[in-house]
Amino acid sequence: MRPFVRRHLTRIVALFGCALVFAVTVVPSASSTEQAALAQRFSFTAHAIGPENAPDGRRVRPVAPAYDQIRSWISSVGAGTALFAADGGAVSHDLCLVDPRTDAVTVSPAPATGDRYRPFTLVPTGLEMPSYAAPMGCLPVDADEDGWQDVIVYYWGRSPVTFLRQPGTAPAASAFHARELVTPWQVWNTNAATIGDFDGDGQVDLVFGNYFPDGARVLDPGAHQPELVMNDSLSHAANGGTLRLFRSTGDHFTEAPDAFAPEVRTGWTLALGAQDLGGGGLPDLYVANDFGPDRLLVNNSTPGHLAFTTARGERHPATPKSKVLGNDSFKGMGVAFTDLDRTGVPDILVSNITEPYALQESNFAFVATGDRGAVADGLRRGEAPYDDRSEELGLSRSGWSWDVKAADFDNAGIDEVMQATGFVAGTTDRWAQLQETAMSNDLVLSHPGLWPKFTEGTELSGHNRNTFFVRGTDGKYVDVAERLGVGTDAVSRAFAVGDVDSDGRLDFAVANQWAPSTLYQNTSPAGAFLGLRLRRPAGPNPCAAGAKGPTSPAIGAEAEVSTPGGARLQELYPANGHNGVNAPDLHFGLGDQPGSAIGVRLTWRDGCGHRHTGSVALPPGWHELRLEPDGTIKEDQ
């Protein structure tokens with residue numbers, strides 16, 4: 001070896017390593033022509049939700065003294081949104097919005113659906129509401145099983161409140177009666193919630209993911225507590241809040257304290273996702289944790305008895321350790337399910353922080369490696385047969401990402417993927433200080449007083465643009481959000497997707513932090529579609545075959561649709577993700593060859609927990625189907 005090479009070998013290797021890292025971290029971009037071709041399939045009209053920012057409007061919250069020097073960080077969440085039917089019907093043309101600028105939870109007609117009633121706020125009249133409680137999200141669910149969608153609001157600073165909808169009344173504040181979920185109320189800090197019949201008894205249960213430790217009065221300027229801590233690790237923190245499951249008992253919910261094993265019960269949870277991955281009839285649970293491994297909890301429950309086990313992916317020779325399902329050290333912030341390869345098996349999308357030259361983790365696109373039977377077999381053994389393919393699919397990077405949603409906005413038969421992005425908007429870039437914190441000893445991290453200052457003016461990925469990924473002809477997704485005008489640089493948190501105007505084109509609402517939110521009305525030149533509003537009997541006799549009466553969304557129902565492009569499967573779990581709840585509908589784009597009748601195979605549980613399967617043939621368009629407890633399917637006209 002020549003003397004020069006020997007003398008500088010270390011530097012040469014280092015430079016080569018830097019070049020290699022740069023090559024693999026630079027995002028390959030599609031050509032302008034390709035982006036334009038993909039973007040022309042879509043168009044949206046923006047409608048503002050909520051007032052414009054006041055010149056003196058707040059952008060930080062009052063916080064406990066322990067968090068004062070990181071008050072902008074603490075103030076970075078709280079925007080949430082949901083689509084539901086406040087009028088008791090089947091069309092989800094109403095919007096629930098949590099606005100952190102005022103800490104108001106507002107119910108209103110979705111823009112573009114007419115002034116059907118005056119917007120109103122949900123106020124827990126008659127309940128104790130401490131000054132340090134702030135709403136984080138709203139979760140529509142028929143909590144008392146009377147056929148009307150109630151709203152559960154969850155908070156930082158207290159346990160959730162159920163707002164029960166009074167049947168037969170017009171939408172108004174007086175039509176919702178506040179009731180405690182937990183008596184007496186407790187101090188929680190909840191950032192995620194989802195619904196599903198987790199034990200198969202026929203009734204919808206609730207799961208809440210908490211962030212800061214239970215009891216911590218994070219937003220109380222007078223609080224001095226040992227619970228006021230930060231994460232004790234950037235990669236395996238477990239000193240956060242408690243994962244909680246509540247079983248329905250008909251008109252109340254009771255906590256199942258032993259539903260989850262101690263090793264998965266606490267964490268810094270930002271998103272939850274329910275989905276029956278293996279087709280066994282019960283929803284499994286994906287828990288997206290900040291500062292530590294996400295969890296895939298396999299559902300082994302029976303009626304009245306909750307039981308979950310953990311499944312983990314397999315690491316291959318070329319797989320980075322943190323891209324193995326259940327073994328990541330990333331900052332899980334959103335989760336959604338879609339069938340990326342149209343194999344009839346749900347795949348899993350997870351959003352993380354992917355900020356170039358700052359904190360470059362990776363979003364996940366966990367794609368099933370076998371059919372549904374193989375997935376079921378693997379999950380029973382504690383193995384998650386999923387591999388991350390986010391890089392090859394073009395979905396690995398998007399910025400500081402939160403909620404993620406997948407839906408077919410042009411009815412072409414392939415889902416698009418959206419991610420809400422951004423953290424703290426300001427004028428002074430503080431990424432250098434955050435990177436320094438990320439390299440700190442874990443013993444330092446849990447003490448908020450030892451963190452750098454993240455106060456007013458801090459800029460941390462505050463101008464990321466929301467994404468709108470469209471799949472190209474080569475199978476790779478391309479972000480065309482900016483071309484469509486939906487990629488605004490407001491700091492966003494959550495999406496709610498649904499067809500608010502019943503025209504067959506999916507619209508979506510975006511909940512923004514410290515800024516007005518937006519509903520994007522879909523005006524795309526979309527093709528044919530099949531829309532399913534699946535309902536099942538509610539009221540006092542939900543198992544009585546043929547009984548007339550109210551119906552509720554058939555949460556957990558599954559539809560397999562036969563189209564010229566092959567069979568496609570969807571499940572009705574609208575509340576997956578970070579603080580964004582979709583309309584409780586299933587929507588299938590049919591492309592250019594819809595056919596006169598579409599074969600649909602439906603699977604559902606009735607109110608007594610019995611599982612049924614039935615088939616119907618339906619023309620394109622919206623259909624409201626009543627799934628009867630005797631296994632028959634009836635269409636409501």
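This one's a predicted model, so the numbers in the text were calculated from it and none came from an experiment.
- Put simply, the side chain of Phe468 does not reach to within 4.5 Å of the side chain of Arg483, judged on heavy atoms.
- The two residues Gly326 and Arg312 come nearest to each other via the heavy atoms O-NE, 4.0 Å.
- Using a cutoff of 4.0 Å between basic side-chain nitrogens and carboxylate oxygens, Asp339 and Arg342 are not scored as salt-bridged.
- Looking only at atom types and distance, the side chain of Thr242 has no donor-acceptor partner in the side chain of Trp188 under 3.5 Å away.
- Residues Leu445 and Phe291 fail the side-chain proximity criterion, which asks for heavy atoms closer than 4.5 Å.
- Considering only heavy atoms from C-beta on, Leu434 comes within 4.5 Å of Trp73 through its side chain.
- Ala311 approaches Leu379 most closely through the heavy-atom pair CB-CD2, 3.9 Å.
- Salt-bridge formation is not detected for the pair Asp387/Arg389: no Lys NZ or Arg NE/NH1/NH2 atom is positioned less than 4.0 Å from an Asp or Glu carboxylate oxygen.
- Atom CD of Glu263 has more than 12 neighbouring heavy atoms from other residues, nucleotides or ligands inside a 6.0 Å radius.
- Atom-to-atom distance recorded for Leu569:CG and Leu586:CG is 9.0 Å, nearest 0.5 angstrom.
- Within a 6.0 Å sphere centred on CZ of Arg601, heavy atoms belonging to other residues, nucleotides or ligands number 12 at most.
- When atom types are taken as modelled, the side chain of Glu314 and the backbone of Pro385 share no donor-acceptor pair closer than 3.5 angstrom.
- For the side-chain hydrogen bond (donor to acceptor under 3.5 Å, both in side chains) test with Ser492, the passing option among Thr518, Asn512, Asp403 is Asn512; the others fail.
- Inspection of the Ser398 and Asn363 side chains reveals an N or O donor paired with an N or O acceptor under 3.5 Å.
- Of the charged side-chain nitrogens involved, at least one lies within less than 4.0 Å of a carboxylate oxygen, so that Arg372 and Glu571 count as a salt-bridged pair.
- Judged purely by atom type and a 3.5 angstrom limit, Asn239 uses its side chain to pair as donor or acceptor with the backbone of Met230.
- For Thr190, the side chain to side chain donor-acceptor pair (under 3.5 Å) partners at least two apart in sequence or on another chain are Asn210.
- Minimum interatomic distance between Ala376 and Gly278 (heavy atoms only, all atoms of both residues): CB-O, 3.5 Å.
- Distance alone, capped at 3.5 Å, is enough to place a donor-acceptor pair between the Arg265 side chain and the Phe260 backbone.
- Listed here is the closest heavy atom pair of Gly589 and Arg568: O-NH1, 2.6 Å.
- Looking at Val510 and Ser517, their side chains never come closer than 4.5 Å, going by heavy atoms from C-beta outward.
- Between the side chain of Asn466 and the backbone N or O of Ala481, no donor-acceptor pair lies under 3.5 Å.
- Residues Tyr477 and Ile414 meet the side-chain proximity criterion, which asks for heavy atoms closer than 4.5 Å.
- Phe364 has its ring centre less than 6.0 Å from the ring centre of Phe330.
- Here the straight-line distance linking atom CE of Met333 with atom OG of Ser401 works out to 8.0 Å at 0.5 Å rounding.
- In this structure, the side chain of Asp377 does not engage the main chain of Arg381 through any donor-acceptor pair within 3.5 Å.
- Classified by interplanar angle (parallel below 30°, tilted 30° to 60°, perpendicular above 60°), the ring pair Trp402/Phe423 is parallel.
- Residues Phe337 and Tyr573 keep their aromatic ring centres 6.0 Å or farther apart.
- With hydrogens and angles ignored, the 3.5 Å screen pairs a side-chain donor or acceptor of Asp205 with a backbone N or O of Phe198.
- Between Trp268 and Phe212, the ring centre distance stays below 6.0 Å.
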- Please assess Phe42 against Asn522 for the test side-chain contact (heavy atoms from CB on, under 4.5 Å), listing each intermediate value before the final yes or no. CA-CA 8 Å; Phe42 306 89; Asn522 193 343; 5.9 Å; no
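- Centroid-to-centroid, the aromatic rings of Phe409 and Phe508 come within less than 6.0 Å.
- Crowding of Glu482 atom CD: a count of heavy atoms from other residues, nucleotides or ligands under 6.0 Å not exceeding 12.
- Asn579 contributes atom CG, which lies 6.0 Å from atom CG of Asn191 (distance to the nearest 0.5 angstrom).
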- Evaluate the criterion side-chain contact (heavy atoms from CB on, under 4.5 Å) for residue pair Leu340 and Thr338; output intermediate values, then yes/no. CA-CA 6 Å; Leu340 290 166; Thr338 184; 3.8 Å; yes
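- Looking at Ser362 and Ser396, their side chains never bring a donor and an acceptor atom within 3.5 Å of each other.
- Across all non-hydrogen atoms, the minimal contact from Ala575 to Thr194 is O-OG1, 3.5 Å.
- Residues Leu270 and Tyr211 have side chains in contact (heavy-atom distance under 4.5 Å, counting atoms from C-beta outward).
- For the atom pair Asn189 CG and Asp214 CG, the distance stands at 7.5 Å (nearest 0.5 Å).
- Arg430 places no side-chain N or O within 3.5 Å of a backbone atom of Phe454 that could act as its donor or acceptor partner.
- For the pair Arg397 and Glu391, the salt-bridge criterion is met [side-chain N within less than 4.0 Å of a carboxylate O].
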- Query: Given the rule in the side-chain contact (heavy atoms from CB on, under 4.5 Å) test, do Val600 and Phe588 qualify, once you have shown the distances and angles that lead to the verdict?
  - Reply: CA-CA 11 Å; Val600 183; Phe588 297 85; over 6 Å; no
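- Side-chain atoms of Ser351 and Gln419 include no donor-acceptor pair closer than 3.5 Å.
- Taken to the nearest 0.5 Å, the CG atom of Asp507 stands 11.5 Å off from the OG atom of Ser92.
- Shortest non-hydrogen contact noted between Ala237 and Asn231 is CB-CB, 3.8 Å.
- Listed for the Gln513 side chain is a donor-acceptor partner under 3.5 Å among the backbone atoms of Ala79.
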- Message: Assess the residue pair Thr269 and Leu272 against the criterion (side-chain contact (heavy atoms from CB on, under 4.5 Å)); give the C-alpha distance rounded to whole Å, side-chain angles, the decisive distance to 0.1 Å, and a yes or no.
- Response: CA-CA 8 Å; Thr269 301; Leu272 295 170; 4.0 Å; yes
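- Between Gln275 and Tyr286, every side-chain heavy-atom pair lies at or beyond the 4.5 Å cut-off.
- Other residues, nucleotides and ligands contribute over 12 non-hydrogen atoms within 6.0 Å of the CG atom of Asp474.
- At distances below 3.5 Å, not a single donor-acceptor pair connects side-chain atoms of Thr81 with backbone N or O atoms of Phe495.
- Between Asn411 and His587 there is a side-chain heavy-atom pair separated by less than 4.5 Å.
- Here the CD1-CG distance, from Ile353 to Leu359, works out to 5.0 Å after rounding to the nearest 0.5 Å.
- Remark: the backbone N or O of Glu436 is paired with a side-chain donor or acceptor of Ser440 at under 3.5 angstrom.
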